[in-house]
Amino acid sequence: MTEKYNPAEIEPKWQAKWEADGLYHADIDPSRPKYYALTMLPYPSGDLHIGHWYAMTPSDARARYLRMKGFNVMFPIGFDAFGLPAENAAIKSKIHPKERTYANIDRMRGQLRSMGAMWDWRRDATSCDPEYYHWTEWYFIQLFKNDLAYRKMSPVDWCPNCNTTLAREQVWGEDRHCERCDTPVIKKELDQWFFRTTNYADELLDFSNVDWPDRVVAMQTNWVGRSEGASVVFYTEQEDPMEIFTTRPDTLWGATFMVLAPEHPLVDKVTNEEYRQEVEAYKLQAARQDEIQRGATDKEKTGIFTGGYAINPVNQARIPIWIADYVMMGYGTGAIMAVPAHDERDFEFARKFGLEIIPVIQPEGELFDGETMPVAYIGPGVMINSAQFDGTEVSDSKGWKNPGIKAVNDWLEEKGTGKADVSYKLRDWLISRQRYWGSPIPMISCEICGWQPVPEDQLPVLLPEDVEWLPTGESPLKLHPTWKNTTCPECGGPAERETDTMDTFMCSSWYHLRYLSPHYDKGLFDPEEYDYWMPVDTYTGGAEHATMHLIYTRFFHKAGRDMGVLQGDEPMTQLRNQGQILGPDGQRMSKSRGNVIDPDEQVRQHGADAVRTYLMFGYRWADGGPWKTENIQGVVRWLHRIWSIFSDQAEPGKPDPAVLKSLRRKVHQTLKQVSHDIETFEFNTIISGLMELLNEMIEARVAGAAGTSEWAEAQDYYLRMLAPVAPHIAEEMWTEKLGKPYSVHTQPWPELDEEATKVDEITLIVQVNGKLRDRITVPVDVSEADAKQTALVSEAAQRFIEGKEPRKVIYVPGRLVNIVV
RNA sequence: GCCAAAGUGGCGGAACUGGCAGACGCGCACGACUCAAACUCGUGUUCCUUCGGGAGUGAGGGUUCGAUUCCCUCCUUUGGCACCA
């Protein structure tokens with residue numbers, strides 16, 4: 001009798017030993033190629049989620065594999081520890097965010113250890129540690145000094161009931177209400193800090209040097225939203241210049257009115273006294289709505305005539321100026337020329353308010369009439385009603401390569417009324433938060449000298465601990481009696497500290513750099529570590545970060561490069577997203593639904609190896625899906641079978657050499673498949689491949705294979721292939737049952753014998769008219785003539801040929817013979 | 001509306017470059033073991049069938065000797081963006 005597989009016993013045992021031995025320490029070693037494998041750092045919410053296991057343990061398996069392949073692998077972990085939940089909890093329960101956060105981190109470290117992952121805990125970094133945010137602050141100062149950080153007025157979401165600013169994720173529902181008290185939020189203008197992400201708009205569109213999922217590339221491209229067109233200056237009748245951006249300069253002659261965003265600075269000036277009251281009322285109404293409400297596409301267009309007129313610079317036409325909330329102040333110049341004949345929105349607006357529609361693009365065979373055309377025409381054609389441009393071809397391609405757009409742009413530029421221009425949807429990054437639990441913004445405001453950075457030798461600006469959490473809407477730092485009072489570093493006079501803190505996305509934009517040397521006190525990172533490890537080779541995490549975090553971290557890196565702080569164009573070479581594990585009911589897991597799967601409980605029941613392998617086996621990693629409680633039985637049984645086949649010493653038998661050859665073939669075929677799949681993140685087929693091999697090993701053992709060299713190789717290879725996915729049982733079997741030298745995790749990945757994967761005989765399928773009719777077994781090196789002959793005379797084939805003359809016989813070596821009659 | 005990804009047994013999912021559809025596992029059925037049940041082990045498991053075969057990878061069409069795989073149209077689901085001028 002052998003003892004039963006008991007993960008609760010072996011798993012903690014090995015975890016403790018690996019850690020004591022420093023098995024997973026990653027140190028610079030120029031003799032080996034490096035590999036930086038990174039998984040997105042968790043927020044210390046207090047409990048590890050099954051989603052963390054799903055994200056992290058397959059990434060760990062892959063990192064382990066690469067280590068066995070000879071790479072010097074760094075696989076670090078840390079905590080994104082600043083942020084709102086801890087502060088909201090503090091307002092409610094008066095527990096200090098620091099206390100709560102560190103308690104959560106402690107708990108989660110224990111949970112993370114139970115995964116059996118190869119974290120190098122010496123590189124653990126926590127973003128709310130002063131030794132971490134010291135450098136977040138320092139980096140802010142570098143951005144400020146390089147004119148990449150600036151201040152401007154900007155609206156925030158504000159809850160009038162709680163009297164506080166809210167982050168985007170705290171605003172819920174269609175009516176945009178506060179998550180705590182359900183009061184609809186309003187916009188409030190505050191003076192805030194921004195980073196110039198838009199300086200990098202074009203570069204952020206370049207993905208030529210990274211291997212990222214198409215989906216993320218598409219989302220980021222969308223997010224940056226580059227549009228080519230032209231900017232053109234119109235003049236009001238009072239001769240004020242009014243710049244507009246358009247993607248369709250070829251339709252300038254069809255501009256029959258102009259629309260300004262209600263917030264546009266020229267609105268007051270162009271408004272005729274007769275219309276002022278209505279305009280003011282409209283402005284007020286628009287201000288109450290926020291961008292999301294205004295953006296509802298199904299909403300009917302609204303707007304108001306200002307009484308003012310502008311002159312179309314291309315034909316001197318006098319056109320009315322309207323204001324409407326479908327024009328956004330935040331995009332382009334906040335003013336548009338409206339060409340109702342060729343723009344759906346302008347068309348809808350013109351029809352509603354009875355404005356003129358003049359077609360200026362016409363496809364062949366059409367004769368548009370502005371009075372009667374039912375919809376705007378967006379397609380290609382030739383220009384009409386456009387003076388000297390009449391007859392110019394307009395294709396349906398976007399941007400400057402369109403001949404019509406190109407021709408008009410050249411002319412505008414020559415004439416000086418406009419120029420080719422680009423517009424982006426991307427906005428600068430607003431980083432101010434009116435909150436306590438974040439990295440301080442190391443800036444000092446002096447009445448005489450303006451904003452001054454805190455001298456670098458005085459960093460970090462520490463968060464004071466004795467603060468009150470009151471839902472006042474002000475940062476608790478502002479309410480602190482003394483903290484904000486300081487002296488100006490420039491003139492020495494009295495001055496005040498910035499009391500807003502930084503968006504936590506700032507902390508997470510560079511944690512991969514802090515991991516390099518978490519305790520380094522002379523900069524963001526130790527340059528020696530940077531030179532060896534960077535860039536990140538593989539970055540894994542959730543697709544929900546496709547735009548925000550992953551754009552910010554690219555910005556951080558590119559800005560750092562331009563400031564001379566670091567090198568290279570991109571921080572992360574390869575990116576892969578995992579899917580999401582849902583509750584057993586197919587819904588997103590949440591406490592309120594009661595469908596949360598607790599990983600600790602699963603580990604208690606089945607062991608970490610079972611949870612790891614189930615998560616790898618049960619899903620396409622990139623897709624995820626519902627947790628199936630009964631499905632984990634499959635991998636549990638498999639692990640038990642592994643235990644028993646490596647524990648029982650079967651008597652050596654006298655096996656048929658064919659059995660041994662076939663066993664060895666399967667071993668090497670599996671090795672080939674597993675190596676491929678682990679590199680390409682196809683974790684489910686790694687496990688199924690290993691299951692198949694085990695099934696074959698069980699059969700071979702029944703056939704007497706135990707005791708042979710083939711059997712020994714199978715056992716040895718099996719455990720080395722198993723080691724990345726189920727590290728504990730692999731170690732136990734390797735060292736304890738087979739008595740091989742500790743540790744299986746420091747073994748090299750098995751060597752593939754390509755010859756051994758080959759077969760001597762193959763099965764060719766025989767098709768008649770493309771339908772499978774028979775199978776024939778032939779030598780692997782069969783000649784085409786022999787194969788065809790064997791197929792033709794096969795009994796089943798004969799039956800379906802029915803004596804007809806084969807018209808054609810197709811032979812695909814190693815695959816099939818298809819007889820066409 | 002626009003962009004992206006995906007639709008394969010009762011279920012999760014396999015299938016290399018166009019070549020045996022359904023690997024592996026769950027579930028289910030039957031059998032062995034057991035007083036019995038669980039565990040474990042074995043066998044079977046896409047559907048229809050007159051047992052010859054026929055149909056079958058969301059629907060329809062196309063290319064091909066041959067299509068889950070390539071092309072076109074459509075439907076559905078998921079994610080993202082959404083009056084971006």
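Order of the sequence lines fixes the chain letters, A, B, ..., with proteins taken first and strands second; residue numbering starts at 1 for each chain.
Listed by chain and number, the residues in a salt bridge (Lys or Arg N to Asp or Glu O under 4.0 Å) with R554(A) are E570(A) (sequence neighbours excluded). Checked against salt bridge (Lys or Arg N to Asp or Glu O under 4.0 Å), D343(A) has the following partners two or more places apart in sequence or in another chain: R345(A). When the side chain to side chain donor-acceptor pair (under 3.5 Å) test is applied to Y200(A), the partners found at least two apart in sequence or on another chain are D562(A). Evaluation of the salt bridge (Lys or Arg N to Asp or Glu O under 4.0 Å) rule for K758(A) yields E755(A) as partners, not counting sequence neighbours. Among residues two or more places apart in sequence or in another chain, the side-chain contact (heavy atoms from CB on, under 4.5 Å) test is passed with P380(A) by Y377(A), D396(A).
Residue S227(A) places at least one side-chain N or O closer than 4.0 Å to OP1 or OP2 of rA85(B). Considering only side-chain N and O atoms, Y331(A) lies under 4.0 angstrom from the phosphate OP1 or OP2 of rA85(B).
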Donor-acceptor contacts under 3.5 Å from residues 228-235 of chain A side chains, at least two apart:
unit_1	atom_1	unit_2	atom_2	d
E228(A)	OE1	W400(A)	N	2.8
E228(A)	OE2	R226(A)	NH1	2.8
S231(A)	OG	D421(A)	OD2	3.3

Got a list of side-chain donor-acceptor pairs under 3.5 Å for residues 697-706 of chain A, not counting sequence neighbours?
none

Worksheet item: Could you run down nucleotides 39-58 of chain B 5' to 3' and tag each one B, S or - for protein heavy-atom contact under 4.0 Å?
Response: -SS----------SSSS---

Item to complete: Sugar-phosphate means primed atoms, P, OP1 and OP2; the rest is base. With that split, encode nucleotides 3-11 of chain B 5' to 3' as B, S or - using protein heavy atoms under 4.0 Å.
Response: -S------S

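Counting any heavy atom pair closer than 4.0 Å across all strands shown, D346(A) reaches no nucleic acid atom.
Atom CG of L690(A) is separated from atom C1' of rG25(B) by 13 Å (rounded to the nearest Å). One can place CG of N684(A) at 14 Å from P of rG25(B), the figure rounded to the nearest angstrom. For H545(A) and rG80(B), the NE2 to P distance is 13 Å, given to the nearest whole Å. Atom CE of M691(A) and atom P of rA14(B) are 14 Å apart (whole Å).
A salt bridge links E784(A) and K788(A); the closest N-O separation between the charged side-chain nitrogens and carboxylate oxygens is under 4.0 Å. A salt bridge links R576(A) with D211(A); the closest basic N to acidic carboxylate O contact falls under 4.0 Å.
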Discussion item. What does the 5'-to-3' dot-bracket notation of RNA chain B look like when only Watson-Crick and G-U wobble pairs under 3.5 Å count, and pairs to other strands show as |?
Written reply: (((((((..(((......[....)))((((((.......))))))(((....)))..(((((..]....))))))))))))....

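For residues 541-550 of chain A, no residue pair satisfies the salt bridge (charged side-chain N to carboxylate O under 4.0 Å, His left out) rule, not counting sequence neighbours.
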Could you list, one pair per line, each protein nitrogen or oxygen that sits under 3.5 Å from a nitrogen or oxygen of nucleotides 15-21 of chain B, together with the distance?
unit_1	atom_1	unit_2	atom_2	d
rC16(B)	N3	R815(A)	NH2	2.5
rC16(B)	N4	R815(A)	NH1	2.4
rC16(B)	N4	R815(A)	NH2	2.2
rG19(B)	N2	Q767(A)	OE1	3.0
rC20(B)	O2	R775(A)	NE	2.9
rC20(B)	O2	R775(A)	NH2	2.7

